2 protein chains.
Amino acid sequence: MRERILDVALELFIEQGYDKTSLRDIAERLGVTKAAIYYHFERKEDILLELHLRLHAIGRDALDELESLQTAEAQMAAWPALIDGLIEQVIANREIFLVHVRNRSAFEQLGDDPRHLAEQDDLEDQVRRLLSNPDIPLAQRVRMTCALGAVVGALTSASNVFADVPDDELAKLMRDAVRDLTAPPRP
Amino acid sequence: MRERILDVALELFIEQGYDKTSLRDIAERLGVTKAAIYYHFERKEDILLELHLRLHAIGRDALDELESLQTAEAQMAAWPALIDGLIEQVIANREIFLVHVRNRSAFEQLGDDPRHLAEQDDLEDQVRRLLSNPDIPLAQRVRMTCALGAVVGALTSASNVFADVPDDELAKLMRDAVRDLTAPPRP
DNA sequence: GTCTATATTTCGATAGAC
DNA sequence: GTCTATCGAAATATAGAC
């Protein structure tokens with residue numbers, strides 16, 4: 001049941017946004033009452049938090065591995081593979097990424113809550129740290145940031161534009177495109 | 001005064017999000033009461049709508065010009081210049097883009113309102129139409145979409161990472177990076 | 001685990017004085 | 001143009017029966 005609530009909440013948070021979605025909306029679509037939801041989640045915020053943790057789970061391993069690399073050179077070399085992995089993940093978990101893209105301020109305010117994870121656990125902070133590493137040339141860091149934005153932006157903001165393109169083909173086109181970003185500038 | 005309200009609203013909508021920002025929050029920061037705001041705006045939504053129109057104004061000319069080009073070839077050729085222009089605009093109007101990126105669902109639901117602009121006026125629809133043009137090869141459209149995502153994503157989501165980079169330098173780095181996306185694939 | 005019923009709060013919006 | 005005061009709606013959350 002907990003899972004069904006999360007599924008419906010995910011749908012509605014994408015359709016209407018987190019704030020415009022009341023617990024009654026979720027309950028009605030499930031055919032239960034509002035109070036039933038409170039048996040599974042103490043607060044409405046906890047539903048959002050759970051969805052947030054799923055994004056963390058998706059990105060954690062890849063990011064930890066990247067951050068464990070000691071030299072800037074090693075990190076730069078590993079970046080293209082990370083982006084390729086990200087493309088797969090966004091395509092495979094479109095809705096989790098979508099709900100984040102469409103409710104950024106709601107998700108960010110989860111951090112205000114004391115129950116939230118420690119700062120070092122936060123995914124965005126980890127990314128920021130990597131992109132701030134002064135040992136990596138600024139030009140390269142800008143390209144890395146662009147690559148991130150390109151993948152997430154293209155596959156979420158305009159996802160419906162390429163809705164009829166098979167996942168495999170879309171992934172290949174994305175990889176080809178973004179590779180020109182992460183690779184060193186052409187002569 | 002209307003302008004001061006919009007300035008403060010812009011700040012708060014970025015900091016806390018549109019839904020978590022009450023009219024009392026805005027009024028307090030201005031040193032007035034809630035009722036004073038209602039003299040300048042009929043509804044809270046109208047404040048958001050006004051901010052939305054500012055984004056439209058920024059992008060309209062460039063997009064209209066692009067859409068007026070008749071052939072797909074001409075449109076493809078004009079794209080790199082459009083992206084360069086976008087880089088300048090995002091840097092010059094960071095906050096307007098920021099408030100949109102952080103409150104996507106709120107802005108999208110402005111469309112549900114009958115007072116909203118006609119569908120053909122909507123900026124995102126216009127972009128979608130361009131990116132859906134079947135006369136442009138799919139691979140190129142994917143690259144165009146990536147370029148858009150890269151510019152907006154890199155300059156908003158991670159804006160603070162490059163906060164101490166001068167605007168001019170950042171713009172140049174962005175142009176260099178994204179050019180490899182819009183240009184034809186390398187051999 | 002789910003229900004009915006209700007408590008509590010907050011917010012958007014209005015009326016009318018100054 | 002701004003204020004005080006208040007209305008009414010809607011949402012989160014709780015209490016207690018089944």
Side-chain angles (χ1 to χ4, degrees), chain A residues 1-53 99-100 102-116, chain B residues 1-53 99-100 102-116:
Chain A
M1 181 61 189
R2 193 183 157 90
E3 211 58 33
R4 289 180 58 212
I5 293 175
L6 286 167
D7 283 349
V8 169
L10 181 59
E11 282 178 28
L12 287 174
F13 292 171
I14 292 174
E15 283 177 28
Q16 318 178 339
Y18 171 74
D19 294 278
K20 294 274 180 300
T21 301
S22 67
L23 292 177
R24 221 171 107 263
D25 290 337
I26 299 175
E28 272 178 9
R29 189 171 291 200
L30 279 167
V32 298
T33 66
K34 209 172 41 170
I37 296 183
Y38 275 98
Y39 175 81
H40 299 276
F41 294 92
E42 279 192 16
R43 283 166 285 267
K44 181 190 178 188
E45 229 188 29
D46 289 352
I47 302 179
L48 197 68
L49 180 58
E50 180 74 30
L51 295 176
H52 192 47
L53 292 179
V99 76
H100 275 81
R102 303 193 55 160
N103 297 280
R104 276 185 68 102
S105 63
F107 277 104
E108 261 165 56
Q109 280 183 357
L110 287 178
D112 298 348
D113 197 298
R115 304 188 314 287
H116 195 42
Chain B
M1 181 61 190
R2 192 183 158 90
E3 211 58 33
R4 289 179 58 213
I5 294 174
L6 286 167
D7 283 348
V8 169
L10 181 58
E11 281 178 27
L12 287 174
F13 292 171
I14 290 174
E15 283 177 28
Q16 318 178 338
Y18 171 74
D19 292 279
K20 294 275 179 298
T21 301
S22 67
L23 292 177
R24 221 172 107 264
D25 290 337
I26 300 175
E28 272 178 9
R29 190 170 288 202
L30 280 168
V32 297
T33 65
K34 207 172 45 169
I37 297 183
Y38 275 97
Y39 176 82
H40 299 276
F41 294 92
E42 280 192 16
R43 282 167 285 268
K44 181 189 178 188
E45 228 188 30
D46 289 351
I47 302 179
L48 196 68
L49 180 58
E50 180 73 31
L51 295 176
H52 192 47
L53 294 178
V99 75
H100 276 80
R102 301 192 55 161
N103 297 279
R104 279 186 67 101
S105 62
F107 278 105
E108 262 164 56
Q109 280 182 359
L110 286 178
D112 299 348
D113 197 297
R115 302 189 315 286
H116 194 43

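Values in this document were obtained by computation on a predicted structure and should not be read as measured data. In the text below, chain A, chain B and the rest are named by the order of the sequence lines, each starting its count at 1. Computation of the quantities below employed the complete heavy-atom set of this structure, encompassing side-chain atoms and omitting hydrogens, waters and symmetry-equivalent molecules.
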Salt bridge (Lys or Arg N to Asp or Glu O under 4.0 Å) pairs touching residues 7-23 of chain A, sequence neighbours excluded, are A:Glu11-A:Arg29, A:Glu15-A:Arg29, A:Asp19-B:Lys20, A:Lys20-B:Asp19
### Message
When you compare the side chain of B:Arg104 with that of A:Arg104, does any pair of heavy atoms fall below 4.5 Å?
### Response
no
Does the side chain of B:Val99 reach to within under 4.5 Å of the side chain of B:Phe107, using non-hydrogen atoms? yes
Looking only at C:dC11, D:dA11, D:dT2, the nucleotide nearest the A:Ser22 side chain is D:dA11
In whole angstroms, the gap separating C1' of D:dG1 from CZ of B:Arg4 amounts to 12 Å
Contact check, residues 40-50 of chain B vs DNA chain C, heavy-atom distance under 4.0 Å, returns B:Arg43, B:Lys44
Checklist entry - Should A:Phe41 and A:Leu23 be marked as a side-chain contact (heavy atoms from CB on, under 4.5 Å) after you check the CA-CA gap, both sets of side-chain angles, and the distance that decides it? => result CA-CA 11 Å; A:Phe41 294 92; A:Leu23 292 177; over 6 Å; no
Looking only at D:dT2, C:dT14, D:dT12, the nucleotide nearest the A:Tyr38 side chain is D:dT12
Closest non-hydrogen atoms of A:Leu30 and A:Val8, given as atom of the first, atom of the second and distance, are CD2-CG2, 3.6 Å
Exercise. Quick one: does A:Ile47's side chain get under 4.5 Å of A:Phe13's, heavy atoms only?
Worked result: yes
Atom CG of A:Asp19 and atom P of C:dG12 are separated, to the nearest Å, by 11 Å
Testing C:dC3, D:dT12, D:dT2 for proximity to the side chain of A:Val32, the answer is C:dC3
From OH of A:Tyr18 across to P of D:dT12 the rounded distance in Å is 8 Å
Are any side-chain N or O atoms of A:Glu50 and backbone N or O atoms of A:Leu6, one a donor and one an acceptor, separated by less than 3.5 Å?
no
Kindly check if the number of other-residue, nucleotide or ligand heavy atoms within 6.0 Å of CZ (B:Arg24) is above 12?
no
Separation of C:dA13 atom C1' from B:Arg24 atom CZ, nearest Å, is 15 Å
B:Leu23 atom CG is separated from D:dC3 atom C1', nearest whole Å, by 16 Å
Check: Would you say D:dC3 has OP1 or OP2 under 4.0 Å from some side-chain N or O of B:Thr33?
Finding: yes
Taking C:dC11, C:dA15, C:dG1 as options, the one with an atom nearest any side-chain atom of A:Tyr39 is C:dG1
Take B:Tyr18 and B:Lys44 through the side-chain contact (heavy atoms from CB on, under 4.5 Å) test and state the conclusion after the steps. CA-CA 10 Å; B:Tyr18 171 74; B:Lys44 181 189 178 188; 3.6 Å; yes
Out of D:dT12, C:dA13, D:dC3, minimum distance to the side chain of B:Lys34 belongs to C:dA13
Terminal axes of the helix from C:dG1-D:dC18 to C:dC18-D:dG1 (5 end pairs apiece), angle rounded to 10 degrees, sit apart by 10°
